[in-house]
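Data first, discussion second: the structure below is written as structure tokens.
Since the model is a prediction, treat every value here as computed from it, not as a measurement. Throughout, protein chains are lettered first and strands after them, A, B, ... in sequence-line order, and every chain is numbered starting at 1.
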Number of protein chains: 2
Amino acid sequence: MAHDHGALLDHVKADMPADELLQDLGDLFKVFGDTTRIKIMYALYEDEMCVCAIAELIGMTQSAVSHQLKSLKAANLVASRREGKTIYYRLSDDHVKSIIAQGYEHLTE
Amino acid sequence: MAHDHGALLDHVKADMPADELLQDLGDLFKVFGDTTRIKIMYALYEDEMCVCAIAELIGMTQSAVSHQLKSLKAANLVASRREGKTIYYRLSDDHVKSIIAQGYEHLTE
DNA sequence: TGAACATATGAGCAATCGTTCATATGATAA
DNA sequence: TTATCATATGAACGATTGCTCATATGTTCA
């Protein structure tokens, strides 16, 4: 410790979410913290897209994209539907757009 | 590649931000992607706080907190002021709160 | 059934990350 | 100046991450 902080700590501590939620928040933002995944989310911004289209668009291997889509899906950021051999992914949530938009604003002002 | 995607790729590609911005977005969210840094930002949610108070609050070493504050400052998420020996940190931006709030909403619904 | 296509997945490896430990910097007070 | 307090920083190490490569799964069509 160091100098005295009075009642400040107790007050702030009372307003903090539970540790598990803080962990989940970190894990969620970790998914946003990679350029490849950001590109994938932007690819799906307007409309759904199949895996190989995403791969071609962002210039990455089908395998790499598939691995990242798995992360995104685990975080409930994308959803998918099958149509024959093809699987189409889409953003599952408006939060994706608003989170990215807030980040965008932070950078460009 | 694989099957044909017609004009879809060109259309979506035209709407994508420049690579450098996408990289910056990923780097920004990477800073949110750690529980310790999330805790620090929550600690500063209401008011500024000195380093040792943050360390005591979240139960981490002064050194660890200082390292993370450096990351947060490099991303323009916190700012600081000196008062004698003590240095007070605060959130530098309302985007911090709104980004975390969006993440929170995504998790809790 | 077998071939071709679209996607998923496991292992392995280089790179990045977050903490610890020791030490440096910077400010105050005696 | 010297001692002490508050914070910052560099090196080192274990843990996690994202890609590649090879291969597996699942679907369609002949």
So what does [X] touch, heavy atoms closer than 4.0 Å: a base, only the sugar-phosphate, or nothing?
X        : answer
Ser71(A) : nothing
Ser66(B) : base
Tyr89(A) : sugar-phosphate

For [X] and [N], give me the distance from atom [atom1] to atom [atom2], rounded to whole Å.
X        : N       : atom1 : atom2 : answer
Ile87(B) : dT28(C) : CD1   : P     : 11 Å
Leu69(A) : dT7(C)  : CG    : P     : 10 Å
Met60(A) : dC21(D) : CE    : C1'   : 15 Å
Asp27(A) : dT16(D) : CG    : P     : 11 Å
Asp34(A) : dT16(D) : CG    : P     : 18 Å
Arg81(A) : dA6(C)  : CZ    : C1'   : 14 Å
Tyr88(A) : dA8(C)  : OH    : P     : 13 Å
Lys30(A) : dA15(D) : NZ    : P     : 15 Å

Between [X] and [Y] (side chain of the first, backbone of the second, donor and acceptor by atom type, cut-off under 3.5 Å), is there such a pair?
X        : Y        : answer
Lys97(B) : Tyr45(B) : yes
Ser92(B) : Leu77(B) : yes
Arg82(B) : Ile87(B) : no
Thr35(A) : Gly26(B) : no

Apply the test side chain to side chain donor-acceptor pair (under 3.5 Å) to residues His106(B) and Asp93(A): give CA-CA distance (whole Å), side-chain angles for both, the deciding distance (0.1 Å), then the verdict.
CA-CA 8 Å; His106(B) 176 77; Asp93(A) 208 296; 3.2 Å; yes
Ionic contact status for Lys30(A) with Asp34(B), cut-off 4.0 Å:
no
For Cys50(A) against Tyr88(A), the heavy-atom pair lying closest together:
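Of all heavy-atom pairs spanning Cys50(A) and Tyr88(A), the closest is N-CD2, 3.6 Å.
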Would you check if His67(B) stacks with the base of dT9(D), given a 5.5 Å centroid limit and a 30° plane limit, both strict?
yes
Between protein and nucleotides 22-30 of chain D, map the contacts as a letter string: B base, S sugar-phosphate only, - none, heavy atoms under 4.0 Å, written 5' to 3'.
B---SBS--
Side chain of Thr86(B), heavy atoms from C-beta onward: which of dA8(C), dG18(C), dA6(D) has the nearest atom to it?
dA6(D)
Measuring to OP1 and OP2 of dC17(C), would you say a side-chain N or O of Gln68(B) lies under 4.0 angstrom away?
no
